[in-house]
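Okay, structure first, notes after.
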Amino acid sequence: MPATAPPTDPGTSRTRSWWGWGYTEAHPDDAECVAMGTLLPGTLVRPLPIPRVADLPIGRPGIAPPSALAHLVTTDPEARAAHAMGKAYRDVIRALRGRPGRIPDLVARPTDDQEVADLLDWAGEHGVAVIPFGGGSSVVGGVEYRGDTHRAVLSLDLTAMDRVLEIDTVGRSALIQAGALGPVLEEQLRPHGLTLRHFPQSFEFSTLGGWLATRAGGHYATVHTHIDDFVQSLRVVTPAAAGTSWRLPASGAGPSPDRLFLGSEGTLGVITEAWMRLQERPRHKASASVAFTDFHRALDAVRAIAQSDLAPANCRLLDPGEALLSGASHDGSSVLVLGFESATNPVDDRLAAALDLARAHGGRGKTPSADRDTPTDAAVSAWRSAFLRMPYLRDGLARMGAVVDTFETAATWDRIPALIESVRTEVGGAALKATGHEATVNCRLTHVYPDGAAPYFTVAVAGRPGDEVAVWDDIKAAASDVLHRHRASITHHHAVGRDHRPGYDLQCPAPFALALRATKNALDPHGVLNPGVLLD
């Protein structure tokens with residue numbers, strides 16, 4: 001495999017953006033950016049220009065790899081720029097302003113475990129920070145280097161390790177290399193009639209290893225909400241040693257080795273393979289939307305559905321602002337988007353029962369669309385389209401100098417109403433104080449549980465030209481403070497990275513923090529793996 005990252009995705013002619021979300025041709029043009037800017041008073045008159053790699057301060061690498069590893073490594077400026085940051089708002093605006101931060105000296109693309117181990121050995125001996133990198137879709141500063149304590153920085157790109165190595169059709173599971181992007185993974189499973197069926201919003205642009213390392217959330221609103229639920233076994237290469245957990249349906253043998261590395265975010269080792277539980281592809285689907293005039297009654301309806309045994313695949317509640325933004329409602333209503341699916345049985349009765357629960361709490365349900373891949377419900381269709389388009393629109397607003405970001409959390413049901421209200425009030429107030437402009441603060445529930453829910457917030461406000469990162473910092477600090485006071489998680493599925501470190505430190509129990517630090521010292525004695533993430 002060539003060391004230089006390809007300019008297009010495998011099997012397509014579409015070019016990935018090095019600075020923003022997704023594909024370059026899908027980005028809003030200048031006219032669309034200006035039109036969006038009119039929605040936020042105080043934004044720029046003209047959009048910031050698309051950044052060019054040639055304009056970045058990319059210096060000479062601080063170190064050269066040994067000849068035995070040189071074929072795995074590139075110093076190409078475009079590859080280095082594309083691996084310098086993730087895809088958070090903070091990353092996008094820094095790229096637009098020409099301030100990308102520390103750009104990696106080298107980008108390596110190993111093809112097997114031994115090459116990963118060899119690169120880690122060399123990095124440890126020479127004090128080179130190693131940042132494991134999958135699709136680069138992190139929105140929490142998880143794939144960049146911050147600081148100056150290491151001699152050089154190596155971005156370890158796993159996407160050359162992207163094969164489905166083995167499929168057990170009897171046990172419905174597969175051994176998959178960690179560098180497989182979502183579409184690449186699913187395409188290899190498709191001939192067998194099987195699917196992992198884990199579809200985060202970043203599905204096209206993220207890898208299995210990234211999902212595992214960040215405990216990513218998928219499209220399922222109930223039951224299988226996180227990638228954790230599909231894991232049978234992991235293989236991990238650490239600077240100290242490599243190892244593979246036993247492939248088992250379940251085990252009660254002590255603390256779980258898989259749990260040690262799930263969510264470790266590349267700080268303890270590099271996940272290179274995993275046995276994953278698969279499913280048959282669904283043949284029965286049904287969806288519908290329900291409108292509510294009272295958001296609090298809508299919350300009660302969602303809780304009733306989550307505490308039933310109906311287990312919807314989709315159960316997303318949009319507040320009035322989020323419903324308007326997505327086009328799901330234009331009359332000030334909150335909208336609940338419901339969806340059911342099954343590989344074996346029709347799901348119409350389950351959808352009907354969920355609609356009955358929603359109506360009992362004041363909801364106005366529409367005629368469901370049954371057993372179709374494309375729903376006929378206009379609100380459902382609008383939400384799906386907006387869900388996929390939203391990251392591109394965020395980048396367009398960033399070009400207009402707006403500060404647009406999202407954050408998510410989870411809390412128990414008894415805390416949810418007050419938490420949502422505090423976020424709207426306090427985060428909105430912090431944005432107004434930082435910018436002098438009124439902010440839009442919207443909320444939706446993305447995942448729901450019998451005992452709680454995961455609210456997901458969107459904040460948009462005109463920024464201070466040239467000082468957008470400082471505004472973002474103020475808003476992030478206010479949001480983190482609200483979450484901490486309400487005993488809500490600093491993250492439900494976006495991971496900790498570097499941006500959420502202060503909140504994670506407050507949330508992490510002292511004995512666990514002590515054990516995590518000892519584990520880090522044992523597995524990464526030179527401290528080169530993703531420094532600054534989870535712990536110092």
* Minimal non-hydrogen separation, Arg146 against Arg90, with atom names -> NH2-NH1, 3.1 Å
* Met276/Leu212 under side-chain contact (heavy atoms from CB on, under 4.5 Å): CA gap, chis, key distance, verdict -> CA-CA 11 Å; Met276 304 297 296; Leu212 296 167; 4.2 Å; yes
* **Gap between atom OG1 of Thr491 and atom CZ of Arg215 - 0.5 Å precision** => 10.0 Å
* Structure fact -> CG (Leu156) and CG (Leu106) are apart, to the nearest 0.5 Å, by 11.0 Å
Below 3.5 Å, can you tabulate the donor-acceptor pairs from side chains in residues 120-143 to any protein atom, sequence neighbours excluded?
| unit_1 | atom_1 | unit_2 | atom_2 | d |
| --- | --- | --- | --- | --- |
| Ser138 | OG | Val140 | N | 3.3 |
| Ser138 | OG | Gly142 | N | 3.0 |

* To do: For the residue pair Phe199 and His219, categorise the inter-ring angle as parallel (less than 30°), tilted (30 to 60°) or perpendicular (more than 60°).
  => tilted
* Carboxylate-amine/guanidinium contact Glu25 Arg14, below 4.0 Å -> yes
* Are there more than 12 heavy atoms of other residues, nucleotides or ligands under 6.0 Å from atom CD of Glu78? -> no
* To do: Look at the rings of His27 and Trp19 and say which category their plane angle falls in: under 30° parallel, 30 to 60° tilted, over 60° perpendicular.
  => perpendicular
* Asked: Strictly by modelled atom types, are Thr406 and Arg394 linked by a side-chain donor-acceptor pair under 3.5 Å?
  -> no
* Asked: Do Ser245 and Trp275 pass the side-chain contact (heavy atoms from CB on, under 4.5 Å) test, and can you show the C-alpha distance, the side-chain angles, and the key distance before you say yes or no?
  -> CA-CA 10 Å; Ser245 60; Trp275 273 99; over 6 Å; no
* To do: Find the distance between CZ (Phe512) and CG (Leu514) and round it off to the nearest 0.5 Å.
  => 11.0 Å
* With under 30° as parallel and over 60° as perpendicular, where do the rings of Phe203 and Trp211 fit, or are they tilted in between? -> parallel
* Could you give me the CA-CA distance, side-chain angles and deciding distance for Gln507 and Leu483, then say whether side-chain contact (heavy atoms from CB on, under 4.5 Å) is met? => CA-CA 10 Å; Gln507 183 176 332; Leu483 299 185; over 6 Å; no
* In Å, rounded to the nearest 0.5 Å, how long is the span from OG of Ser480 to CD1 of Ile490? -> 3.5 Å
* What distance separates Leu234 CG from Thr272 OG1, expressed to the nearest 0.5 Å? -> 9.0 Å
* **Least distance between heavy atoms, Gln177 atom then Asp162 atom** => OE1-N, 3.2 Å
* Using the six-membered ring wherever Trp is involved, compare the ring planes of His224 and Phe230 and label them parallel, tilted or perpendicular (cut-offs 30° and 60°). => tilted
* **Shortest non-hydrogen separation from Thr435 to Gly463 and the atoms involved** => CG2-CA, 4.3 Å
* To do: Return the minimal non-hydrogen interatomic distance between Arg60 and Asp105, and the atom names on each side.
  => O-OD2, 4.2 Å
* Charged N-O contact under 4.0 Å between Lys520 and Asp524 -> yes
* With a 4.5 Å heavy-atom cut-off, do Leu260 and Pro255 have their side chains touching? -> no
* Ring centroid separation Tyr23 to Phe205 under 6.0 Å -> yes
* **Heavy-atom check, side chain of His526 versus side chain of Pro239, under 4.5 Å** => no
* Ion pair check, Arg102 and Asp148, cut-off under 4.0 Å -> no
* Asked: What is the minimum heavy-atom distance between Val92 and Asp395, and which atoms define it?
  -> CG2-OD1, 3.5 Å
Below 3.5 Å, can you tabulate the donor-acceptor pairs from side chains in residues 470-479 to any protein atom, sequence neighbours excluded?
| unit_1 | atom_1 | unit_2 | atom_2 | d |
| --- | --- | --- | --- | --- |
| Trp472 | NE1 | Asp405 | OD2 | 2.5 |
| Lys476 | NZ | His500 | NE2 | 3.1 |

* Check ion pair Arg316-Glu322 (N to O, under 4.0 angstrom) -> no
* Asked: Going through the checks in order, is the side-chain contact (heavy atoms from CB on, under 4.5 Å) test met by Thr207 and Leu158?
  -> CA-CA 9 Å; Thr207 62; Leu158 274 293; over 6 Å; no
* Determine whether the side chains of Thr195 and Glu186 contain a donor N or O and an acceptor N or O closer than 3.5 Å. => yes
* Mark yes or no: Arg444 above the aromatic ring of Phe387, with NZ or CZ under 6.0 Å from the six-membered ring centre and no more than 45 degrees from the axis. => no
* Asked: Taking 4.0 angstrom as the limit, do Asp258 and Arg247 come out as a salt bridge?
  -> no
* Structure fact -> Closest non-hydrogen contact found for Ala240 with Ala522 is CB-O, 3.6 Å
* Rounded to the nearest 0.5 Å, how far does CG of Leu194 lie from CZ of Arg277? -> 14.5 Å
* Asked: Would you say Glu408 and Thr446 make side-chain contact, with heavy atoms under 4.5 Å?
  -> no
